[in-house]
There are 2 protein chains.
Amino acid sequence: MADSHKITISELAKRTGVSEATISRALNDSPRVKQTTKDKIQKLAKELGYHPNILARSMRTNQSKTIGVIISNIANAFFTSVVRAIEDEAAKLNYRTIVINTDENPGTERNAIEMLQGYMVSGFIIASTRRGLDYKPILGNTPAVFIDRMPNNDGDYDTLLVNNADGAKQVVNALIAQGATRIGVISSSVSTAGQERLAGYKAALQDNRLSLDESIIKFSDVQMKNVRQYTSNLLINQACDGLFTADNAILLAAMEEITARKLTGFKLGAFDNEPWFDFFNTPVTAVQQPTIEMGTRAVQLLTTRIDQPEDAGVPELLRLTVNLVKRG
Amino acid sequence: MADSHKITISELAKRTGVSEATISRALNDSPRVKQTTKDKIQKLAKELGYHPNILARSMRTNQSKTIGVIISNIANAFFTSVVRAIEDEAAKLNYRTIVINTDENPGTERNAIEMLQGYMVSGFIIASTRRGLDYKPILGNTPAVFIDRMPNNDGDYDTLLVNNADGAKQVVNALIAQGATRIGVISSSVSTAGQERLAGYKAALQDNRLSLDESIIKFSDVQMKNVRQYTSNLLINQACDGLFTADNAILLAAMEEITARKLTGFKLGAFDNEPWFDFFNTPVTAVQQPTIEMGTRAVQLLTTRIDQPEDAGVPELLRLTVNLVKRG
DNA sequence: CTGTTAGCGCATTCAT
DNA sequence: ATGAATGCGCTAACAG
């Protein structure tokens with residue numbers, strides 16, 4: 001019963017006696033309106049609690065100032081942090097975000113993109129869950145930036161990754177420096193990042209003249225169902241004195257097994273770092289990904305492509321650096 | 001260059017020779033269209049990759065099938081989990097969500113609500129950050145459900161809380177059972193939840209005939225700047241043999257101090273639980289909030305109010321139960 | 001500096 | 001069973 005009458009531009013026009021066009025211009029602070037008129041209109045708008053209908057504006061201008069963010073697994077603290085940075089930077093640049101979580105489900109990803117097209121999103125930021133997908137026909141002319149994982153269409157889109165191989169190598173080197181000589185690894189099969197991290201693991205072994213044993217290289221499934229079993233297998237049966245987990249989700253699943261079975265006598269390494277790793281009973285040496293930078297840069301790259309397409313140049317592949325955090 | 005021509009209803013009308021109205025009806029599976037016509041149109045729409053413009057539809061129908069979610073601190077794992085549940089349930093009921101994080105900033109909260117009004121959201125789910133605010137005039141007739149924190153307008157809106165006092169009491173009782181006799185507490189001053197949890201703490205002391213010492217009751221600031229100092233103060237200067245932290249953020253800040261100064265010889269309790277608390281070197285007894293249930297129920301309450309306002313009845317205040325997880 | 005006109009894409013009367 | 005016409009709220013030509 002409060003707002004019996006919704007405040008629109010035409011409502012303001014009626015009340016002030018000027019045309020809708022003038023109201024619109026005044027509200028958008030156009031220089032083509034006399035200052036006194038502007039003042040009067042803006043004052044009234046504030047009094048009446050006018051707020052623009054973003055949907056109508058988006059339709060009219062054919063751009064919604066909204067970024068569609070498609071994330072493969074929001075439960076992963078890494079993505080949570082990236083999304084947070086995306087939202088902050090987007091807000092700063094006067095963009096809104098709509099975040100969709102795909103749970104690593106390729107079908108969901110495609111649906112999400114198409115649904116967001118219906119929202120007339122100005123662009124996408126995507127942590128891709130399907131390696132093989134050709135995004136060009138789906139995205140059409142809509143700008144997009146890919147993060148964390150390389151899409152098939154590298155070359156068509158700006159892509160923002162970290163130096164996965166180097167980071168993994170740093171971790172494994174640290175484990176070796178801590179005395180480990182037989183280091184098991186549980187990597188991820190779903191993302192390109194997992195493959196690169198595995199390559200870094202191998203490089204570290206080679207640099208340290210440790211032999212490569214394929215039987216202590218494991219791959220987690222999407223739901224992490226097999227990680228606990230692999231952990232015991234590596235640390236007990238395979239007698240590993242080191243374990244490298246290739247992402248956050250894998251580490252936590254492995255820690256469950258380590259804690260439950262009170263496994264000790266090995267060095268633990270991980271990709272992805274969280275402040276609360278400091279509190280773990282089993283020390284974990286990890287690389288911290290630049291999540292804030294990744295989210296911030298992604299938005300900047302995207303909005304540049306949206307707002308100044310001519311300035312954007314050819315799509316780039318950027319590699320951000322990671323930081324080693326030694327523990328134990 | 002791919003989709004040189006965007007597929008709209010009028011485009012489909014041209015290609016099929018029928019009117020836009022028929023296309024619209026067919027696409028919405030109206031019974032007022034011949035089946036064969038429907039089939040033909042739906043098939044073509046699929047072929048051409050037609051997707052409805054949600055903005056146009058929302059404007060026309062005056063409802064966007066979108067839920068505005070306003071969260072006071074998304075970095076808190078508790079809220080992350082609730083939001084996740086909200087998104088899942090909303091998707092199931094064919095609603096979209098737009099999530100805005102206010103960082104406990106009251107000004108941001110108000111802006112967020114007004115901005116989302118511009119998106120014509122069908123309703124709000126709000127973790128309020130301002131105790132004193134009267135939401136009625138801002139929200140108007142838009143349905144809303146409040147979660148985690150009691151708004152001033154209880155009675156006007158469905159509200160979904162946990163049994164804070166009881167949960168805190170359970171934790172403190174457990175600490176006492178573990179042998180603690182002088183339990184310091186760091187609570188939150190911003191939310192109503194913090195006050196209720198403090199009441200639960202006091203109740204537990206009373207039940208166990210422990211005296212209440214106001215000098216070991218502290219309140220965190222919003223940025224948790226003072227928590228580390230309080231932690232040392234309580235555990236060292238005040239010689240507490242127990243510490244109760246009233247939420248996730250407070251616990252983590254306290255753990256920083258505990259870890260840095262290697263503080264031992266006390267029992268730790270907390271509101272909010274995370275799976276990885278299992279891995280901490282200092283065991284923490286905590287209550288797990290029903291985050292999934294809270295998110296799910298919030299969406300159900302809200303969508304009921306949106307879709308069947310007559311069935312919704314008077315606004316309810318619901319208290320969900322929490323589960324104690326003993327450690328140490 | 002301001003007004004008039006038109007249309008974004010869609011769903012919905014009211015016709016037929 | 002289908003079509004014609006209208007308008008949601010806004011901005012962008014085009015006048016003047």
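Atoms considered below: every heavy atom in the structure, side chains included; atoms not considered: hydrogens, waters and symmetry mates. Within every chain, numbering begins at 1; the chains are lettered A, B, ... in the order of the sequence lines, protein sequences first and strands thereafter. Predicted model only: the values in this text are computed from it and were never measured.
- I23(A) has its CD1 atom 9 Å from the P atom of dG3(C), to the nearest Å.
- Looking at heavy-atom distances under 4.0 Å, S58(B) makes no contact with the nucleic acid at all.
- Inspection of the N73(A) and N101(A) side chains reveals no N or O donor paired with an N or O acceptor under 3.5 Å.
- No donor-acceptor distance shorter than 3.5 angstrom exists from the side chain of T291(B) to the backbone of F78(B), with no hydrogens or angles considered.
- In this structure, I113(B) and F124(B) have side chains that are in contact, with non-hydrogen atoms separated by less than 4.5 Å.
- One side chain, S128(B) or Y135(B), offers a donor N or O that lies under 3.5 Å from an acceptor on the other.
- Applying the 4.0 Å criterion to OP1 and OP2 of dT2(C), one finds that T37(A) has a side-chain N or O inside that range.
- Side chains of D39(A) and Q35(A): a donor on one and an acceptor on the other come within 3.5 Å.
- Checked for salt-bridge contact, R15(A) and E20(A) miss the test: no charged N lies under 4.0 Å from a carboxylate O.
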Enumerate the protein-to-nucleotides 13-15 of chain C contacts in which both atoms are nitrogen or oxygen and the separation is below 3.5 Å.
| from | atom 1 | to | atom 2 | distance (Å) |
| --- | --- | --- | --- | --- |
| dT13(C) | O4 | R25(B) | NH2 | 3.1 |

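- Atom pair R57(A):CZ and dA12(D):C1' shows a separation of 14 Å (rounding to whole Å applied).
- Distances shorter than 4.0 Å separate none of the side-chain N or O atoms of T22(B) from OP1 or OP2 on dT2(D).
- dC8(D) atom P lies 13 Å from atom CE of M59(A), rounded to whole Å.
- Computed from coordinates, the Q117(A) CD to dG9(C) P distance equals 14 Å when rounded to whole Å.
- The residue S24(A) sits close to a base: some heavy atom pair falls under 4.0 Å.
- Between Y50(A) and dC10(D), a side-chain N or O to OP1/OP2 separation shorter than 4.0 Å is present.
- The residue N62(B) sits apart from the nucleic acid: no heavy atom pair falls under 4.0 Å.
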